[in-house]
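Here's the structure, in structure tokens; my notes come after.
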Number of protein chains: 2
Amino acid sequence: MFDKILRYVESVEKEAIPQLSVNCVILGFHEKALHVVVNRISLDSVHLMVLPGGYVYQKEDLVVAMERIVKESTGLEKILFKQFAVFGKASRSFNREFTKSRVFKSKADKGVLDWFSKRFVSVCYLALVDYSKIELRPTQFMDGAQWLPVNKLKELAMDHSDIVKSACESLRKEMPYTPIASNLLPSKFTLPELQALVESILGRQIDRPNFRRKILKTGMITKIGSDTSNKRRPADLYAFKHGRKTSLIEEYRFGF
Amino acid sequence: MFDKILRYVESVEKEAIPQLSVNCVILGFHEKALHVVVNRISLDSVHLMVLPGGYVYQKEDLVVAMERIVKESTGLEKILFKQFAVFGKASRSFNREFTKSRVFKSKADKGVLDWFSKRFVSVCYLALVDYSKIELRPTQFMDGAQWLPVNKLKELAMDHSDIVKSACESLRKEMPYTPIASNLLPSKFTLPELQALVESILGRQIDRPNFRRKILKTGMITKIGSDTSNKRRPADLYAFKHGRKTSLIEEYRFGF
DNA sequence: TAAAATTTGAGTCATTTTGACTCAAAACTA
DNA sequence: TAGTTTTGAGTCAAAATGACTCAAATTTTA
């Protein structure tokens, strides 16, 4: 069991930059809450919750590695992303996860222990995707990715919980400058939906009439029809004027 | 000549994370312009202009490596810094600098060529320092660091010019949220001095009376006396209320 | 030595933006 | 049909903004 993984890891390592990894905080918006894609690694009865990530191949651009990793987990290409942090403490390895587990203790051979003790520097990206367009894919040695709401996030392995926190911080900071939301919503949406998204990113409530006034004045969205609705009074439908973005460009300024 | 360098590099490499480097964009403010610290590597008659940088040792935190590099070039500790980008294209090496130079072509042995062809992923930090407190130090194999104004920057080696540009972009974005300036100015300064700094970061002029009004309303600075002056009407002296910062915390909000 | 020029500090004012509201319309509920 | 919920539209006082003018303090120059 461990042998198989170890052989796989070692074969990948040969073509990759050693001790360097990419981790992706893939964020989507669902039921009025930000969600993040988390993978579960199962080794016998031990389960590690980790962010999607991996090595960077020698002949692969860093960004291409990131896009490959996002595609592996979500199937999506041409996503909006941002490099927001690098985690690189000297003590940064899976060693703690390894040694605190009895299963690892008993069954592990030296090779696995070595790999789990290896120091990694991780370049972290956040990726914003349309929740409704995703079909999560199990990847090799991962028994299924899943969406978890970021605010009620369980403990992830190593420092991956910190990475998610840092990603949300970064998103919140970027918010006032960019039409970020266009990548987290379906192409057609209502103002209340957009407001719920902005509120969940900023982490605070916004007065509804004021939100409407401000967001419309930026000129970043256009009304494209009515209705769709389900409950109560039908809401107007809007779309971002320039569609989805794949890079963060300062175009509009607004602050809440 | 090359042998000596090669032996040095190889000895460092053994204790360091391979193919990973840290580069620092050390910024200071002088004569109404942002300046950046640049090192000159001389190998025979070939001169490379590069940003201060280096390896990360296996037992060294990433941030500690960055601080070590800044200290090597400027002598300063406890500086304000920010990780702002990672440069990691697959083609990223000094190979071009190597092959385009006749001196390298004729004299180089295989070891040097190999090192210069090695792909590096560089984690980039910007560091904000008080220009007046710096004494630039020559480091090993570097014949002297120097301050260069960022807007009339000559071509640096590899992609280091792009790194500087990216750093300035990042600084401009951070500006409205943080008392950044406190680390780029002497502890006592006049409002016109502060304004010149802010203008050089934002890259545009600001109305003087309006600047005064806004900056005072944030409450981040206090008047601590008069005069010092040199020319014309003496200006009031100010200091940042909470001194210098070593981390970027959102405390004040203002936008120009 | 007085007038001019330069730099800094202080103030005005119309316009815009903001934040906290109310109110009505359109649907569903019961 | 009355009540509830959700969305869209509007009001209004206070604050912020941008474009100004003007006076004070100093040096320059004539």
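Just the heavy atoms: all of them, side chains too, but no hydrogens, waters or symmetry mates, feed the values below. Letters go in sequence order (proteins before strands), and every chain restarts at 1.
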Spacing of [X] atom [atom1] relative to [N] atom [atom2], expressed in whole Å:
X        : N      : atom1 : atom2 : value
A:Lys32  : D:dT6  : NZ    : P     : 8 Å
A:Ile206 : C:dA20 : CD1   : C1'   : 15 Å
A:Phe211 : C:dT18 : CZ    : P     : 13 Å
B:Glu193 : C:dT7  : CD    : C1'   : 13 Å
A:Phe189 : D:dT7  : CZ    : P     : 14 Å
A:Ile215 : D:dG8  : CD1   : C1'   : 16 Å
A:Leu237 : D:dG8  : CG    : C1'   : 14 Å
A:Lys214 : D:dA15 : NZ    : P     : 16 Å

Looking only at the side chain of [X] (C-beta and beyond, no hydrogens), which of the listed nucleotides [options] gets closest?
X        : options               : result
B:Asp207 : D:dG8, D:dA19, C:dG19 : D:dA19
B:Pro234 : C:dT7, D:dA25, D:dT7  : D:dA25
A:Arg213 : C:dT7, C:dT18, D:dT7  : C:dT18

Handout entry: side chain to side chain contact (heavy atoms under 4.5 Å, CB included) involving A:Ser161 - partner list, sequence neighbours excluded
Key = A:Glu155, A:Leu156

Fill in the blank from the handout: For A:Ala85, the side chain to side chain contact (heavy atoms under 4.5 Å, CB included) test, sequence neighbours excluded, returns A:Phe87, A:Ser166

Exercise for the section: Anything under 30° is parallel, anything over 60° is perpendicular, the rest tilted; go ahead and classify B:Phe240 against B:Phe189. Expected result: tilted

Exercise for the section: Determine: side-chain N/O of A:Lys217 to OP1/OP2 of C:dT16, distance under 4.0 Å, yes or no. Expected result: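 For C:dT16, neither OP1 nor OP2 has a side-chain N or O of A:Lys217 closer than 4.0 Å.
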
Handout entry: Below 4.0 Å: OP1/OP2 of D:dG8 and any side-chain N or O of A:Lys223
Key = no

Practice task
Answer yes or no: is there an ion pair linking B:Glu67 with B:Lys71, defined by an N-O contact shorter than 4.0 Å?
Solution key: no

Exercise for the section: Please evaluate the base of D:dT27 for a donor-acceptor partner in the side chain of B:Arg232 within a cut-off of under 3.5 Å? Expected result: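 Indeed there is one.
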
Show each protein N/O and nucleotides 21-24 of chain D N/O combination with a separation under 3.5 Å, one pair to a line.
residue : atom : partner  : partner atom : Å
D:dA24  : N3   : B:Arg233 : NH1          : 2.8

Within the side chain of [X], is there an N or O that forms a donor-acceptor pair under 3.5 Å with the backbone of [Y]?
X        : Y        : answer
B:Arg172 : B:Ile201 : no
A:Asp207 : A:Asn210 : yes
B:Ser200 : B:Leu197 : yes

